[in-house]
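This report refers to the structure that appears directly beneath it.
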Amino acid sequence: MVGDGNLARVRVGLIGLGRMGQIHAAALASRCPSVDLVCVVDADEARAAAVAARHGVAWSTDPDHVFDDPTIVAAAIATPTATHADLVRRAARAGKHVFCEKPVSLDRSATLGALEAAAAAGIKVQIGFHRRFDPDWVAVHERILAGELGQPYLFRTSLRDMRAPPVEFLAGSGGFFLDVTIHDLDVARWLVGEVVQVSAHGASVSGPAFAAAGDLDTAVVVLHFENGALGVIDGSRCAGYGYECSTEIMGSAATARVDNPRARNYEWRTPGWAAYELPRDFEQRYPTAYALELEAFAAAVRDDTPPRVTGLDGLAAFDLATAADLSWRRGVPVRLRPVRDPDGVRYEVDVTAGS
Ligand SMILES: NC(=O)c1ccc[n+]([C@@H]2O[C@H](COP(=O)([O-])OP(=O)(O)OC[C@H]3O[C@@H](n4cnc5c(N)ncnc54)[C@H](O)[C@@H]3O)[C@@H](O)[C@H]2O)c1
């Protein structure tokens, strides 16, 4: 593997420069002290050249530009989900560590294949569950770990987009649970514990487009945790009023709440009213978390420590999301069995539920 050991800054190539990739480009170029962004890649030549010019780095339309460069140590992947597994495999073959956006694939065996190729090559894989790096969520996690919440009773998250992403994106997204709820399912495991049952309900309320595509724009997922706690996740593609990502965990000793912060710290007051600006999207809500997740990835590569969100975490969240999808489609609860092995937790999903 190239370049391991005593690296001051980790040389990274970024592949995929759409909505998420451009956020990562800005973070890698100027907000991650352990990163040296070397080049950016996008299939769209004009986009690659424009993002490269913005950050003063090299560009290409070919991911091999990253994989064939012996001075590049790690790849960050933010291309459409359907391309991730192949790119992870190619990174593994080239001995590059990988930061990969969620989910690794829409297909379980492709996910497993990519993770096995990475493990065999000895590269690190970190999945883009950015909330695990947001200072507010991290503070709550640390206090829960320290025992300050006591026994968890109830977990609640809301993840609501102000407006739906472009139709072309939706077509390859894997559907609501794999694309959106997967973040909440990851934090459910992280903050409360493993899940043994998922019941999902969905609706397409904003117009006919979602139902026509076999997808949904509004969902409620009920979780039963192994430790006895209950959870409820609500999600929307069409909240209208703004972007919301909030949580609450009620426990025997305390209740933790991460509310949706304001976009700006001022209010506008008029007789009888106070108004403040809400975040409009994930870019506005989470710039710090997106930078910190990439900084943590680079630090893990540089220091040869395990990433804080592993490929197996990505697989576990994928399994929970596919269980939610199955539950919604079949109209029944789906049971899961978390199996612990030395590397982490793997889920066995009762795919016969409701069949
Ligand atoms: N963590 C988060 O909060 C978050 C938010 C949004 C999207 N995502 C994830 O990020 C990924 C990208 O989503 P997006 O919304 O940025 O998509 P997008 O469609 O806006 O951008 C994808 C980009 O990849 C380029 N591309 C496509 N195939 C390529 C290839 N083979 N090689 C190089 N470039 C290629 C496209 O030209 C485009 O610029 C998805 O997996 C999505 O699930 C994560």
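Just so you know, ligand 1 is whichever comes first in the structure, and atom 1 is the first atom listed for that ligand.
- The nearest protein atom to atom 31 (N) of ligand 1, hydrogens excluded, is given as T83 CG2, 4.2 Å; this is a heavy-atom distance.
- Taking every non-hydrogen atom of G128 and a distance limit under 4.0 Å, the qualifying atoms of ligand 1 come out as 1 (N).
- Of the polar atoms of E101, at least one N or O is found under 3.5 Å from an N or O of ligand 1, judged by distance alone.
- Of the heavy atoms in T81, both backbone and side-chain atoms come closer than 4.0 Å to ligand 1.
- No hydrogens or angles considered: nothing links the side chains of T83 and D86 as a donor-acceptor pair under 3.5 Å.
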Problem set entry | Stepwise salt bridge (Lys or Arg N to Asp or Glu O under 4.0 Å) test for D350 and R337 | CA-CA 8 Å; D350 177 12; R337 198 165 77 90; over 6 Å; no
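- Proximity of F129 to H183: side-chain heavy atoms (C-beta onward) are separated by under 4.5 Å at one or more points.
- Defined by atom type and a distance below 3.5 Å, a donor-acceptor pair is missing between the side-chain atoms of E45 and T61.
- When hydrogens are left out, the protein atom nearest atom 42 (C) of ligand 1 is K102 O, 3.8 Å; that is the closest non-hydrogen contact.
- Using a 3.5 Å distance cut-off with no hydrogens or angles, the side chains of S246 and N260 do not pair a donor with an acceptor.
- Side-chain contact check for Y243 and E283: no donor-acceptor pair (N or O, by modelled atom type) lies under 3.5 Å.
- Judged by the shortest distance from any of its heavy atoms, H84 lies inside the 4.0 Å radius around the atoms of ligand 1.
- At a 4.0 Å cut-off, not a single heavy atom of Q22 sits close enough to ligand 1 to count as contact.
- Distances from atom 29 (C) of ligand 1 to the heavy atoms of T79, I182, D179, V104 show the closest one on T79.
- Relative to the six-membered ring of F67, R90 misses at least one condition, a distance below 6.0 Å or an angle of at most 45° to the axis.
- The protein heavy atom nearest to atom 5 (C) of ligand 1 is M20 SD, 3.4 Å.
- Remark: R19 is positioned above the aromatic ring of F169, its terminal NZ or CZ atom under 6.0 angstrom from the ring centre and at most 45 degrees off the axis.
- For ligand 1, the polar-atom distance check finds an N/O of D42 within less than 3.5 Å of one of the ligand's N/O atoms.
- Closest to atom 21 (O) of ligand 1 among all protein heavy atoms lies G18 CA, 3.1 Å.
- Considering backbone and side-chain N/O atoms, F169 never comes within less than 3.5 Å of an N/O atom of ligand 1.
- The backbone and the side chain of A43 each have at least one atom closer than 4.0 Å to an atom of ligand 1 (non-hydrogen atoms only).
- Side-chain contact annotation: S105 with D107, donor-acceptor N/O pair under 3.5 Å absent.
- The side-chain heavy atoms of R189 and L185, taken from C-beta on, include no pair separated by under 4.5 Å.
- The protein non-hydrogen atom at the shortest distance from atom 20 (O) of ligand 1 is R19 N, 3.0 Å.
- Within ligand 1, counting atoms from 1 as listed, the ones closer than 4.0 Å to a heavy atom of H183 are 1 (N), 2 (C), 3 (O).
- Ranking the protein heavy atoms by distance from atom 26 (N) of ligand 1 puts P80 CD, 3.8 Å first.
- Proximity annotation for atom 3 (O) of ligand 1: of F282, Y286, Y290, Y290 comes nearest, heavy atoms only.
- Looking at V41 next to ligand 1, no N or O pair under 3.5 Å apart turns up.
- What you find for E101 and G128 is that their closest heavy atoms are OE1-O, 3.8 Å.
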